[in-house]
Amino acid sequence: MNEMIRKKAKIREKTYLAPDIYRYSFLTDLCSGAEPGQFVMIYPVNGARLLGRPLCIADVSGEDNDSGRADDPGHYFDIVFRVVGGGTEEISGYNPGDELYIEGPLGHGYPFDEKTIGGKNIVMLGGGLGAPSLLFLAKKLMKAPSAFVSLTAVLGYRDRSMNHFLASDFGGTGIKTIISTDDGSEGIRGNVIDALEESGIKADLIYACGPLPMLSAVKRYAKEAGATAYISLEERMACGLGVCLGCVAKTTEKDAHSGVKNARVCTEGPVFCAETVDI
Ligand SMILES: Cc1cc2nc3c(=O)[nH]c(=O)nc-3n(C[C@H](O)[C@H](O)[C@H](O)COP(=O)(O)OP(=O)(O)OC[C@H]3O[C@@H](n4cnc5c(N)ncnc54)[C@H](O)[C@@H]3O)c2cc1C
Ligand code: FES
């Protein structure tokens, strides 16, 4: 695991993806050694809001990671976020050239070593704002294409107004990408599991990120299909460093250290093997 640090970073690019959804690219080497599934805490400059906001790392360029974008060979990393409250509202008001404090990379990401992915049919399931961390994973996996048998991304959206954001980025990596919408206005009607079943795609290994009900359904689906699932959980976070215990998730086994069935999402997660968490 790489060292976590806090730095001021400049926004190099801001892209509007869909109503209330933005992609920011930060000019910094902060996340050069980051793993897919890790996140950063972004600190709004507004002093009234002291807590950082956790956001997944969606793409990284420089040193260990290289996004493959031809336009900028320098160090940067991307986030994609939806405006849901005061913190993300404030972050959405910044523009290229503005600076924010960023802490990271934080947490444990998706395992994707040869032993985990070798010989597997891999499916990535991204519900809404779950897609960003999987995009970073997709780019990493495509650097080891010989290790797995197949790789498919299924991205679920509420409706067509979400502009199937990031779907073209997944497609651009060469991965088979399937889209679903809850109302059927684009792609397959239904959720990501409906789309997976309708497409008849075999999954031995699942990586999933999205709302909790979706992750519970993924856990059930994986158990029935005999697949292994790694899911990225979201909990409200305060410190992001394992200190405040504000982000605990229920686990199926007792923690050897604390003797309780709890795990801190910010440090033990956010990615967990689905069968180890009680969701
Ligand atoms: C590890 C991790 C990675 C995340 N990655 C992303 C990402 O890549 N893109 C993205 O858009 N969002 C992501 N989130 C969620 C994001 O952190 C919250 O939406 C954000 O902190 C809300 O801050 P706010 O001040 O705008 O909203 P608040 O005013 O704090 O809350 C507004 C509403 O959002 C809900 N909310 C706030 N925080 C969370 C949370 N952590 N999980 C679920 N609901 C929440 C509140 O209950 C409330 O209903 C991630 C969360 C975690 C824990
Ligand atoms: S956010 Fe403080 S322990 Fe996880």
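Counting starts at 1 for both ligands and their atoms, in listed order. Quick caveat, the model's predicted, so the values are computed rather than measured. These numbers come from the heavy atoms of this one structure, side chains and all, not from hydrogens, waters or symmetry mates.
Contact of the Phe112 side chain with the Lys140 side chain is registered, since non-hydrogen atoms from C-beta on lie closer than 4.5 Å.
Side-chain atoms of Ser199 do not come within 3.5 Å of backbone N or O of Ile201 as any donor-acceptor pair. Looking only at distances, a side-chain donor or acceptor of Tyr207 sits under 3.5 Å from a matching main-chain atom of Pro111. Between the His108 side chain and the Thr267 main chain, a donor and an acceptor come within less than 3.5 Å of each other. In this structure a side-chain-to-backbone donor-acceptor pair under 3.5 Å is missing from Lys176 to Ser150.
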Handout entry: Stepwise side-chain hydrogen bond (donor to acceptor under 3.5 Å, both in side chains) check, Asp159 with Thr181
Key = CA-CA 5 Å; Asp159 55 39; Thr181 48; over 6 Å; no
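Around atom 2 (Fe) of ligand 2, the protein N, O or S atoms found under 2.8 Å comprise Cys239 SG, Cys244 SG.
Taking every heavy atom of both residues into account, Ser25 and Asp78 meet most closely at OG-OD1, 2.8 Å. Phe165 and Gly128 get closest at one heavy-atom pair: CZ-O, 3.4 Å.
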Less than 3.5 Å apart, N/O on ligand 1 and N/O on the protein: could you list those pairs with the distances?
{"unit_1": "ligand 1", "atom_1": "5 (N)", "unit_2": "Cys56", "atom_2": "N", "d": "3.1"}
{"unit_1": "ligand 1", "atom_1": "8 (O)", "unit_2": "Cys56", "atom_2": "N", "d": "3.1"}
{"unit_1": "ligand 1", "atom_1": "8 (O)", "unit_2": "Val80", "atom_2": "O", "d": "3.4"}
{"unit_1": "ligand 1", "atom_1": "9 (N)", "unit_2": "Val80", "atom_2": "O", "d": "2.9"}
{"unit_1": "ligand 1", "atom_1": "11 (O)", "unit_2": "Arg82", "atom_2": "N", "d": "2.8"}
{"unit_1": "ligand 1", "atom_1": "14 (N)", "unit_2": "Pro54", "atom_2": "O", "d": "3.4"}
{"unit_1": "ligand 1", "atom_1": "14 (N)", "unit_2": "Glu234", "atom_2": "OE2", "d": "3.3"}
{"unit_1": "ligand 1", "atom_1": "17 (O)", "unit_2": "Pro54", "atom_2": "O", "d": "2.6"}
{"unit_1": "ligand 1", "atom_1": "23 (O)", "unit_2": "Arg53", "atom_2": "NE", "d": "3.1"}
{"unit_1": "ligand 1", "atom_1": "25 (O)", "unit_2": "Arg53", "atom_2": "NE", "d": "2.6"}
{"unit_1": "ligand 1", "atom_1": "25 (O)", "unit_2": "Arg53", "atom_2": "NH2", "d": "2.9"}
{"unit_1": "ligand 1", "atom_1": "25 (O)", "unit_2": "Gly87", "atom_2": "N", "d": "2.7"}
{"unit_1": "ligand 1", "atom_1": "26 (O)", "unit_2": "Gly85", "atom_2": "N", "d": "3.1"}
{"unit_1": "ligand 1", "atom_1": "26 (O)", "unit_2": "Gly85", "atom_2": "O", "d": "3.2"}
{"unit_1": "ligand 1", "atom_1": "26 (O)", "unit_2": "Gly87", "atom_2": "N", "d": "3.4"}
{"unit_1": "ligand 1", "atom_1": "26 (O)", "unit_2": "Thr88", "atom_2": "N", "d": "2.8"}
{"unit_1": "ligand 1", "atom_1": "26 (O)", "unit_2": "Thr88", "atom_2": "OG1", "d": "2.4"}
{"unit_1": "ligand 1", "atom_1": "30 (O)", "unit_2": "Arg236", "atom_2": "NH2", "d": "2.3"}
{"unit_1": "ligand 1", "atom_1": "38 (N)", "unit_2": "Arg236", "atom_2": "NE", "d": "3.4"}
{"unit_1": "ligand 1", "atom_1": "41 (N)", "unit_2": "Glu235", "atom_2": "O", "d": "3.2"}
{"unit_1": "ligand 1", "atom_1": "42 (N)", "unit_2": "Glu234", "atom_2": "OE1", "d": "3.0"}

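Here Asp169 does not pair with Lys139 in a salt bridge; the nearest charged N to carboxylate O distance is not below 4.0 Å.
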